Amino acid sequence: MPTLSHREMRKLVRKLGAVTRPGEQRQALETLVQLCLSPDSVAAIADAGAIPDLVQLLRPGSASEMQERAAAVLWGLAAIYADNKVTIAAAGAIPPLVQLLGSASPADVQQYAARALWHLTQNDDNKVTIAAAGAIPPLVLLLGPGSPAAVQEWAAAALSGLAANADNTVTIAAAGATPPLVQLLGHGNPAVVQEWASGTLCGLAMNAENQVSIAAAGAIPPLVQLLGPASDDRIKKLASHTLEALADNNAGNRAAIAAAAASADLLQEMEGLGINDV
């Protein structure tokens with residue numbers, strides 16, 4: 001899609017307003033979703049003042065299709081520029097995005113709300129604000145077997161971002177995230193879901209109590225299995241990092257990792273990934 005002039009972009013953004021007919025709003029949102037694929041357009045969308053209207057479209061009263069598309073545009077805006085992460089949060093996007101994670105929302109709305117929140121977690125202040133807005137419990141619920149794989153993927157991604165904050169690692173574990181994350185490591189799940197589950201567990205394992213509870217939930221055998229030949233290099237690296245985090249200053253976990261690797265005949269793979277000293 002060609003880049004719009006500043007005047008054309010402002011005209012498009014004005015169609016997001018409350019006085020616009022729903023059909024025009026919907027078409028404007030679809031156009032903005034496509035424009036978000038271009039970094040130049042992302043900057044122009046924000047400069048044209050789209051963010052407050054997009055946040056308004058997230059709120060109750062908007063059709064679920066409009067909420068989904070507004071969350072998708074905010075996801076695109078937050079993906080590239082650090083300043084947009086701040087502006088989106090300052091515009092009040094976080095509470096309605098958290099609300100859209102709830103069971104009343106269709107799966108596509110939940111997915112794009114989680115996607116937007118994941119990008120917003122790349123800002124340290126937003127990590128705190130998102131947790132304070134109550135995002136962790138619904139994100140944990142979205143990890144469960146009742147959610148489509150895409151929803152599980154982005155819920156795990158958002159939790160991974162939040163887990164980079166020490167206080168959040170405690171809250172996420174207390175919300176019951178560890179068992180479903182361990183379930184998502186299994187071979188029946190898409191690789192991208194396994195990756196985010198492993199990444200979130202790696203963040204949680206920076207807490208000593210979580211190291212124990214993650215191991216007790218049975219995470220070590222499936223993490224070791226992810227080092228095997230069926231996994232690509234990316235998931236092997238993530239699983240390796242998670243095992244290293246679990247083994248750090250924890251002799252019991254180090255022994256359990258070594259035993260699981262020996263049982264799975266994967267000691268050589270552990271050596272190649274730099275965790276042969278467990």
Side-chain angles (χ1 to χ4, degrees), residues 58 71 74-75 78-79 82 84-103 105 110-144 147 151-185 192-217 219 223 238-239 241-250 253:
L58 298 174
L74 289 170
W75 167 56
N84 284 351
K85 296 174 175 62
V86 176
T87 304
I88 291 168
I94 290 172
L97 284 170
V98 170
Q99 188 170 3
L100 292 178
L101 298 172
S103 59
S105 296
Q110 293 171 328
Q111 179 194 158
Y112 278 100
R115 285 185 183 221
L117 288 169
W118 173 63
H119 279 307
L120 293 176
T121 65
Q122 308 312 302
N123 174 281
D124 287 343
D125 289 339
N126 288 349
K127 289 180 177 67
V128 176
T129 304
I130 292 167
I136 290 172
L139 285 169
V140 171
L141 287 175
L142 292 177
L143 300 174
S147 295
V151 174
Q152 293 173 325
E153 171 191 347
W154 290 103
L159 288 168
S160 178
L162 291 170
N165 174 285
D167 290 338
N168 288 349
T169 63
V170 177
T171 306
I172 292 168
T178 300
L181 286 168
V182 172
Q183 288 297 314
L184 294 178
L185 298 173
V192 69
V193 174
Q194 295 172 325
E195 289 173 10
W196 283 120
S198 179
T200 305
L201 289 169
C202 186
L204 297 182
M206 299 302 165
N207 175 285
E209 292 183 3
N210 289 348
Q211 284 182 326
V212 176
S213 61
I214 291 168
L223 284 168
L238 285 166
H241 287 328
T242 306
L243 289 167
E244 288 176 330
L246 288 170
D248 187 39
N249 291 318
N250 187 304
N253 283 355

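Computed over heavy atoms, backbone and side chain alike; hydrogens, waters and symmetry mates excluded. Position 1 is the first residue of the sequence; numbering continues from there. What you see is a predicted model, and the numbers here were worked out from it, not measured in a lab.
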Report all side-chain donor-acceptor pairs from residues 169-183 shorter than 3.5 Å, counting only partners two or more places apart or in another chain.
from : atom 1 : to   : atom 2 : distance (Å)
T169 : OG1    : A166 : O      : 2.5
T171 : OG1    : D167 : O      : 3.3

Give the minimum heavy-atom separation between H241 and C202, together with the two atoms involved. O-SG, 3.7 Å

Reported CD-to-CG distance for the pair Q211 and N249, which is rounded to 0.5 angstrom: 7.5 Å

Can you tell me how far CG of L139 sits from CD of Q110, rounded to the nearest 0.5 angstrom? 10.0 Å

Could you measure the distance from the CG atom of L162 to the CG atom of L117? Nearest 0.5 Å is fine. 8.0 Å

Closest non-hydrogen contact found for P96 with L58 is CB-CB, 3.8 Å

Donor-acceptor under 3.5 Å (S160 side chain, A156 main chain): no

Using only atom types and a distance under 3.5 Å, with no angle test, would you say the side chain of N123 pairs donor to acceptor with the backbone of V86? no

Search all heavy atoms of K127 against all heavy atoms of T121 and return the closest pair with its distance. NZ-O, 2.6 Å

Considering residues at least two apart in sequence or located in another chain, which fulfil the side chain to side chain donor-acceptor pair (under 3.5 Å) criterion with K85? none

With heavy-atom distances below 4.5 Å as the criterion, would you say the side chains of L185 and L201 are in contact? yes

What one should report as the nearest heavy-atom pair of S198 and L238 is OG-O, 3.3 Å

What's the separation between atom CD in E153 and atom CD in E195, rounded to the nearest 0.5 Å? 8.5 Å

I'd like to check the ring-ring contact (aromatic ring centres under 6.0 Å, His included) partners of W118; sequence neighbours left out, ordered by chain and number. W154, W196

Looking at A114 and A158, what are the two nearest heavy atoms and their distance? O-CB, 3.9 Å

To the nearest 0.5 angstrom, please state how far the CD1 atom of I130 sits from the CD1 atom of I94. 4.5 Å

Report yes if the side chains of L223 and L246 come closer than 4.5 Å at any heavy-atom pair, otherwise no. yes

How many angstroms lie between atom CG of L142 and atom OG of S103, to the nearest 0.5 angstrom? 9.0 Å

Can you tell me if E209 has over 12 outside heavy atoms packed within less than 6.0 Å of its CD? no

Closest heavy-atom contact between A71 and A113? CB-N, 4.1 Å

Side chains of L143 and L159: does their closest heavy-atom pair fall under 4.5 Å? yes

